[in-house]
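Residue numbers start from 1 in every chain, and the chains themselves are labelled A, B, ... in the order their sequence lines are given, proteins ahead of strands. It should be emphasised that the depicted structure is a prediction, and the values quoted were computed from it without experimental measurement.
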Amino acid sequence: MRRSRYFLPTLRENPAEAQIASHRLMLRAGMIRQSSAGIYSWLPLGLRVLSRIEQVVREEMDAAGCQEILMPAIQPAELWEESGRYQDYGKEMLRITDRHERPMLFGPTHEEVVTDIFRGAVRSYRDLPQNLYQIQWKFRDELRPRFGIMRGREFYMKDNYSFDIDHAGAVRSYNRMFVAYLRTFARLGLTSIPMQAESGAIGGDLSHEFIVLADTGESAVYCDPAWLDTDPLALAIDYEDDLQPVVDEWTRLYAATDDKHDPSTCPLAEDALYRGRGIEVGHIFYFGTKYSKAMGATVTDPEGNDVAVEMGSYGIGVSRLVGAIIEASHDEAGIVWPESSAPFAVGLINLRAGDAACDEACESLYARLTDAGIEVLYDDRDERAGVKFAEMELIGLPWQVAVGPRGVAAGTAELKARAGGEAEALPFDTVLARLTGD
RNA sequence: CGGGGUGUGGCGCAGCCAGGUAGCGCAUCUGCUUUGGGAGCAGAGGGUCGCCGGUUCAAAUCCGGCCACCCCGACCA
């Protein structure tokens, strides 16, 4: 993509309303624009990041045996009357009335809809287990939206729902999701820690929330320092195996948010404890037959009895992850994208646009990188070097390639990792080889 | 929902107390100079001062009502 044609409205100054780093940087980097309180438009750069994160989530869901569907954003209130949540949910639910005076709502979650789909389609235990997911915009009319995208009213979420014939099956489904979540966050370059959680409005008796570590996170966390050295991706996972030992291993270490942490019962000594801050990015629940009983989602078991299916639901805040990654990875100059969620892999800077030799060298690099399947943002504008460097730091692409008259004369370009380190002057072919991994 | 605050050009702000020509920096446009880390000079464009009403010869400024947004707390992917 040529910067001269790219819709990237960056801001030089900090918007007054943005308090935390991710909000400020997303506005400055031209990723989002606010529409109303807690509701945002996603501009090209932001949407690229959102889509990349979404894709990682999708791949891990598919790998864990889930199937993607898409349910309606607008739901009939009727279904929520059946589950009994229409009254319970309160003002966070955006209620809508259609032209026939039929009460509708903008979905804050989809247990009712998915249960309705299930009960109309599945009759036999032979069709279980089943695990359906969607990635979709949801709406919760938060009392006080804040922190930009981190706590918006409209938010992009992956939610999935498991259906099993019995408790043991449901726990297997739960464990699969537990592992898939650890893998997903690790792939995004985040350290996530599962913590025992309350089930809240969804209900149920088995629940973990996944907290991502970030210095500017909203809640304080206390955990065993061993968490910091764990790598979920190091473990080869077969989702057909019994994952209980894996989950046990992962939940063995101490971890608690500040509202749960109690120094008097904590197994670790005060000075052996890691204290940090974190952001909740995922939450998983096993809630058994709460919805299946209320809504009549039953199947016939091997003995010919009708039994209510055992369910669980699992959420990942996809749009929140954009903010969480920035909170976990930024510096004074701007965002520092991990490769797995970066909007472009490489930022190519022409330090002297209009200079024939620089233009030619850049065009060549741009074409060869693009041909190699690498996504490049090529700053071909007639701007001063400082402007281009500053913007490139702000938007945080993992690799910067700077081409100027000095280097071109010597047949080199400068390669620099956004995450740190000095720029290295390297022959064009070497730069290419480094970036393409050849 | 309780408490606090702010609405003035795209962004950041001053002006309001003591009513009288809407102003500054950044950004934008034009020209010249410049050209390896958010350039310099000269010029230009752009604002129903959140909305409605009131007071007044005169309202960004005073008064009343409404709306929006932000922050702190209690609550959440």
Side-chain angles (χ1 to χ4, degrees), chain A residues 9-20 23-24 27-28 30 33-39 53 57 89-93 107-110 135-160 181 185 192 197-202 207-212 218-219 257 259 278-285 313-324 333-334 349-355 358 379 381-394 400 402-409 412-414 416 423 425:
Chain A
T10 56
L11 302 175
R12 194 165 162 169
E13 293 176 73
N14 286 323
E17 76 268 21
Q19 297 297 310
I20 64 164
H23 189 195
R24 194 174 356 113
L27 288 167
R28 283 196 56 203
R33 281 293 119 97
Q34 181 166 331
S35 174
S36 57
I39 302 179
I53 294 171
V57 170
Y89 217 91
K91 288 193 163 178
E92 283 205 340
M93 179 186 281
T109 178
H110 281 70
I135 301 174
Q136 188 211 34
W137 290 97
K138 301 211 183 299
F139 195 93
R140 289 182 196 169
D141 200 358
E142 294 280 345
L143 213 47
R144 176 148 115 82
R146 60 181 126 173
F147 306 142
I149 225 64
M150 297 273 280
R151 190 167 167 196
R153 292 192 291 170
E154 191 173 79
F155 58 101
Y156 204 44
M157 181 178 176
K158 184 286 304 174
D159 49 317
N160 63 307
Y181 273 36
F185 302 130
S192 74
E198 301 292 348
S199 309
I202 302 208
S207 176
H208 284 90
E209 53 187 39
F210 289 74
I211 306 280
V212 148
E218 45 183 332
S219 46
T257 50
D259 51 324
I279 300 161
E280 184 186 354
V281 292
H283 206 149
I284 62 180
F285 304 89
S313 74
Y314 317 87
I316 289 180
V318 177
S319 47
R320 175 177 281 188
L321 271 169
V322 179
I349 299 175
N350 188 340
L351 292 171
R352 188 79 64 86
D355 175 273
C358 287
D379 196 339
R381 295 173 304 168
D382 182 17
E383 288 284 352
R384 301 178 68 84
V387 171
K388 298 186 179 188
F389 278 120
E391 182 179 280
M392 213 48 97
E393 300 283 300
L394 173 64
Q400 293 170 13
V403 175
R406 293 206 300 257
V408 168
T412 62
E414 284 154 43
K416 190 183 131 189

Give each protein N/O atom lying under 3.5 Å from an N/O atom of nucleotides 23-26 of chain B, with the pair distance.
from	atom 1	to	atom 2	distance (Å)
B/rG25	N2	A/E13	OE2	2.8
B/rC26	O3'	A/R12	NH1	3.4

For A/Q34, side chain to side chain contact (heavy atoms under 4.5 Å, CB included) partners two or more places apart: A/Y40
Answer yes or no for this row: A/F389 ring on B/rG36 base, centroids under 5.5 Å, planes under 30°. no
Name the nucleic acid region contacted by A/D159, choosing base, sugar-phosphate or nothing; use a 4.0 angstrom heavy-atom cut-off, strictly under. nothing
Could you list, one pair per line, each protein nitrogen or oxygen that sits under 3.5 Å from a nitrogen or oxygen of nucleotides 68-72 of chain B, together with the distance?
from	atom 1	to	atom 2	distance (Å)
B/rC69	OP1	A/A37	N	2.9
B/rC69	O3'	A/Q34	NE2	3.2
B/rC70	OP1	A/Q34	NE2	3.3
B/rC70	O3'	A/E17	O	3.4
B/rC71	OP2	A/R144	NH1	3.4
B/rC72	OP2	A/R144	NH2	2.5
B/rC72	N4	A/R144	NE	3.3

So which nucleotide does B/rC69 pair with, by the Watson-Crick or G-U wobble rule with both distances under 3.5 Å? B/rG5
Please work out if A/A385 contacts a base, only the sugar-phosphate, or nothing of the nucleic acid, heavy-atom cut-off 4.0 Å. sugar-phosphate
In whole Å, what is the span from the CD1 atom of A/I316 to the C1' atom of B/rA77? 10 Å
Output the distance between atom CZ (A/F147) and atom CZ (A/R24), rounded to the nearest 0.5 Å. 12.5 Å
Within the structure shown, what part of the strands sits under 4.0 Å from A/V281 by heavy-atom distance: base, sugar-phosphate, or nothing? sugar-phosphate
Who pairs with B/rC41 - Watson-Crick or G-U, where each distance is under 3.5 Å: B/rG31
Give A/M150 one of three labels, base, sugar-phosphate or nothing, depending on what nucleic acid heavy atoms sit under 4.0 Å from its own. base
What closest approach, in Å, do A/M150 and A/A324 show between heavy atoms, and which atom pair accounts for it? SD-N, 3.6 Å
